[in-house]
Novice: 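Can you keep this structure in mind? I'll have questions shortly.
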Amino acid sequence: MAHQNQPEQSEGIIVKLVTNLVRLAVINNASDVHIEPEEDKIRIRFRIDGVLREVETHPISLHEPLVARIKVLSNLDIAERRKPQDGRFQLATDNKQLDVRVSTFPTMYGENVELRILNKTNILLGLPSLGFAPDTLKQYTDMIHQPYGIIFVTGPNGSGKTTTLYSTLNTINTPDKDIATLEDPVEYQLPLIRQTQVDPEAGLDFAAGLRSLLRQDPDVILVGEVRDAETASISVRAALTGHLVLTTLHTNDSAGAINRLVDMNVEPVLIASATVGVLAQRLVRLLCTTCAESYDVSPTLKAELGLGKEGQLTFKKGVGCEVCGYTGYIGRTGIFELLAPEKTIRAMITDRASSQDIAHYATQKLGMRTLRQDGIEKVKQGLTSIEEVLRVTAGDIVE
């Protein structure tokens with residue numbers, strides 16, 4: 001009789017393991033759980049504040065049943081182990097209903113599984129909680145209340161673009177507006193908003209979806225990402241025909257978005273006419289308030305950061321303690337660079353000026369803060385460390 005109960009007991013252990021992994025990830029404010037098979041063990045790592053941290057290991061014998069359990073929850077093919085698969089599931093833990101996005105990928109020792117914890121509270125905080133400087137927030141808020149035009153949010157993967165866009169939609173989402181989205185994937189369900197997940201295999205890519213969506217005449221359209229020339233062209237033209245378009249581009253800075261669109265064969269005069277603003281962003285880790293200590297900045301570092309004219313500066317750094325897991329950081333905030341095209345910049349775009357020239361004019365004549373400059377302001381406020389700002393703005397130039 002005991003022998004017959006053994007599979008049920010083993011299954012119970014696996015069910016509990018999956019639930020505990022997700023619960024532990026939420027407690028630690030992790031955005032992702034990485035389940036990584038090796039020759040003799042499973043390594044579990046959490047991505048906390050953008051940085052991977054190993055949290056536990058398990059015997060390799062648990063790998064197959066663990067992956068099978070996650071696949072069952074996500075309606076994935078348990079028998080298919082040679083191809084990547086994507087899915088999602090919901091899990092109730094600590095009186096919370098959590099959405100979890102799942103990605104599997106075959107490796108030498110078995111399938112690697114990544115769980116993305118989708119925490120809706122992050123997108124319901126609102127734009128003021130994202131880290132905008134007051135003047136930048138006012139400027140961006142004015143942009144998103146324009147009746148038409150296109151706004152780009154740029155940055156690499158993991159820079160917080162989705163949170164900014166969803167927070168933007170929440171800000172302008174009122175019963176008198178018709179808002180529609182095309183996403184890949186739909187990460188959060190929002191009230192009043194018609195959301196569609198693109199499905200290239202069914203012929204519904206961003207370009208095709210956008211063409212069809214325009215026939216329904218929405219006031220605001222969120223296009224998850226401009227990946228190709230056709231989507232770029234349709235998005236810009238939609239912005240010129242009475243729609244407010246919000247979308248993302250993978251560029252390092254705000255001015256770089258203009259050149260990217262030109263490279264996609266969008267006419268510069270259309271870009272100049274349609275673009276309301278370009279917001280570049282990164283996420284920096286916040287110093288742990290329990291263990292942060294002050295220190296004096298060396299003259300060499302001040303010169304490197306363009307702060308040579310300022311007097312004595314005191315920055316902070318996290319020493320590391322039990323509260324922050326000995327990292328010196330807890331939580332993250334955004335740093336932003338907002339390009340607001342006006343008459344001269346529109347003329348520069350039409351004349352195919354380089355992104356460097358556009359950025360130089362915007363910083364020198366319009367007072368635009370670069371990503372690094374915005375980061376340094378947060379260092380001065382004691383919110384983050386200079387090392388953290390330098391890490392996420394590597395390659396940026398302070399004018």
Novice: Which heavy atom in C324 sits nearest to a heavy atom in C291, and how many Å separate them?
Specialist: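 It is SG-SG, 3.9 Å.
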
Novice: Atom OH of residue position Y148 - does it have more than 12 heavy atoms of other residues, nucleotides or ligands inside 6.0 Å?
Specialist: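 No, OH of Y148 has 12 or fewer neighbouring heavy atoms, counting only those of other groups under 6.0 Å.
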
Novice: Angle class for the F315/Y295 ring planes (parallel below 30°, perpendicular above 60°, tilted otherwise)?
Specialist: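 Because their plane-to-plane angle is over 60°, the rings of F315 and Y295 count as perpendicular.
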
Novice: Hey, can you pull the donor-acceptor pairs under 3.5 Å for the side chains in residues 231-238, sequence neighbours left out?
Specialist:
from: T231; atom 1: OG1; to: D228; atom 2: OD1; distance (Å): 3.0
from: T231; atom 1: OG1; to: D228; atom 2: OD2; distance (Å): 3.2
from: S235; atom 1: OG; to: T231; atom 2: O; distance (Å): 2.7

Novice: Tell me, please, which residues at least two apart from D351 pass side chain to side chain contact (heavy atoms under 4.5 Å, CB included).
Specialist: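 For D351 there are no side chain to side chain contact (heavy atoms under 4.5 Å, CB included) partners, ignoring immediate neighbours.
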
Novice: Would you say T168 and Y140 are linked by a side-chain donor-acceptor pair, where the criterion is simply a distance under 3.5 Å?
Specialist: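 Yes - a donor-acceptor pair under 3.5 Å links their side chains.
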
Novice: Any donor-acceptor pair under 3.5 Å linking the side-chain atoms of T393 with those of R282?
Specialist: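 Side-chain D/A pair, R282 to T393: absent.
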
Novice: Contact between K378 and T333 at the side-chain level, heavy atoms closer than 4.5 Å - yes or no?
Specialist: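 Yes; the side chains approach each other to less than 4.5 Å.
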
Novice: If every non-hydrogen atom of E183 is compared with every non-hydrogen atom of Q195, which pair is closest and at what distance?
Specialist: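 Closest approach of E183 to Q195, heavy atoms only: OE2-NE2, 3.0 Å.
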
Novice: Main chain of F336, side chain of D374: is a donor-acceptor contact present, judged purely on distance under 3.5 Å?
Specialist: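 The answer is yes, because a donor-acceptor pair under 3.5 Å joins these two groups.
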
Novice: Quick test of your reading of the model: are E111 and K83 salt-bridged, counting only N-O distances below 4.0 Å?
Specialist: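 Salt bridge: no.
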
Novice: Under a 3.5 Å threshold, yes or no: a donor from one side chain and an acceptor from the other, between E225 and T247?
Specialist: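 No donor-acceptor contact under 3.5 Å links the two side chains.
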
Novice: Counting distance only, does the side-chain N/O of N173 pair as donor-acceptor with the main-chain N or O of P191 below 3.5 Å?
Specialist: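 Such a contact is found between N173 side chain and P191 backbone.
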
Novice: How about K316: does its NZ atom have over 12 heavy atoms from other parts shown lying under 6.0 Å from it?
Specialist: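 12 or below, so no.
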
Novice: Contact between Y329 and S385 at the side-chain level, heavy atoms closer than 4.5 Å - yes or no?
Specialist: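 Yes. Closest side-chain heavy atoms under 4.5 Å.
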
Novice: So, R369 and E377, do they make that salt bridge, N to O below 4.0 Å?
Specialist: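 Judged by the 4.0 Å cut-off on N to carboxylate O distance, R369 and E377 do not form a salt bridge.
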
Novice: Please identify each residue that fulfils ring-ring contact (aromatic ring centres under 6.0 Å, His included) with F206, with sequence neighbours left out.
Specialist: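 Expected list: none.
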
Novice: Would one find more than 12 heavy atoms of other residues, nucleotides or ligands at under 6.0 Å from atom NZ of K138?
Specialist: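 Open: at most 12 neighbouring heavy atoms sit under 6.0 Å from NZ of K138.
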
Novice: Grab the two heavy atoms, one from A280 and one from S254, that are nearest each other, plus how far apart they are.
Specialist: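 Here A280 and S254 meet closest at CB-N, 3.6 Å.
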
Novice: Step by step, would you call N112 with E36 a side-chain hydrogen bond (donor to acceptor under 3.5 Å, both in side chains)?
Specialist: CA-CA 5 Å; N112 205 86; E36 304 166 338; 4.9 Å; no

Novice: Taking everything shown except R81 itself, do over 12 heavy atoms lie less than 6.0 Å from its CZ?
Specialist: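 Atom CZ in R81 is not packed in, count stays at 12 or less.
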
Novice: Between E80 and R82 (side chain of the first, backbone of the second, donor and acceptor by atom type, cut-off under 3.5 Å), is there such a pair?
Specialist: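 Between the backbone of R82 and the side chain of E80 there is a qualifying donor-acceptor contact (under 3.5 Å).
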
Novice: Salt bridge or not between D32 and R116? Use side-chain N to carboxylate O under 4.0 Å.
Specialist: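 Answer for the salt bridge query: yes.
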
Novice: Does atom CD (E39) have a neighbourhood of more than 12 heavy atoms from anything else shown, all under 6.0 Å?
Specialist: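 Open.
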
Novice: Taking the basic N atoms (NZ, or NE/NH1/NH2) and the acidic carboxylate oxygens, is any pair closer than 4.0 Å for D49 and R285?
Specialist: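 No, D49 and R285 are not salt-bridged.
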
Novice: Looking at every heavy atom in both G256 and D253, which two are closest together, and how far apart are they?
Specialist: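 Shortest heavy-atom separation between G256 and D253 comes out as N-OD1, 2.8 Å.
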
Novice: What heavy-atom pair brings V276 and P341 nearest, and what distance separates the two atoms?
Specialist: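 For V276 versus P341, the nearest heavy atoms are O-CD, 3.5 Å.
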
Novice: Look at atom CZ of R23 and say whether more than 12 heavy atoms of other residues, nucleotides or ligands are closer to it than 6.0 Å.
Specialist: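 Counting neighbours around CZ of R23, 12 or fewer heavy atoms of other residues, nucleotides or ligands fall under 6.0 Å, so no.
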
Novice: Does E54 come within less than 4.0 Å of R45, counting only side-chain N to carboxylate O?
Specialist: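 R45 and E54: not salt-bridged.
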
Novice: Kindly check if the number of other-residue, nucleotide or ligand heavy atoms within 6.0 Å of CD (E201) is above 12?
Specialist: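 No - once you tally the heavy atoms of other residues, nucleotides and ligands closer than 6.0 Å, there are 12 at most.
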
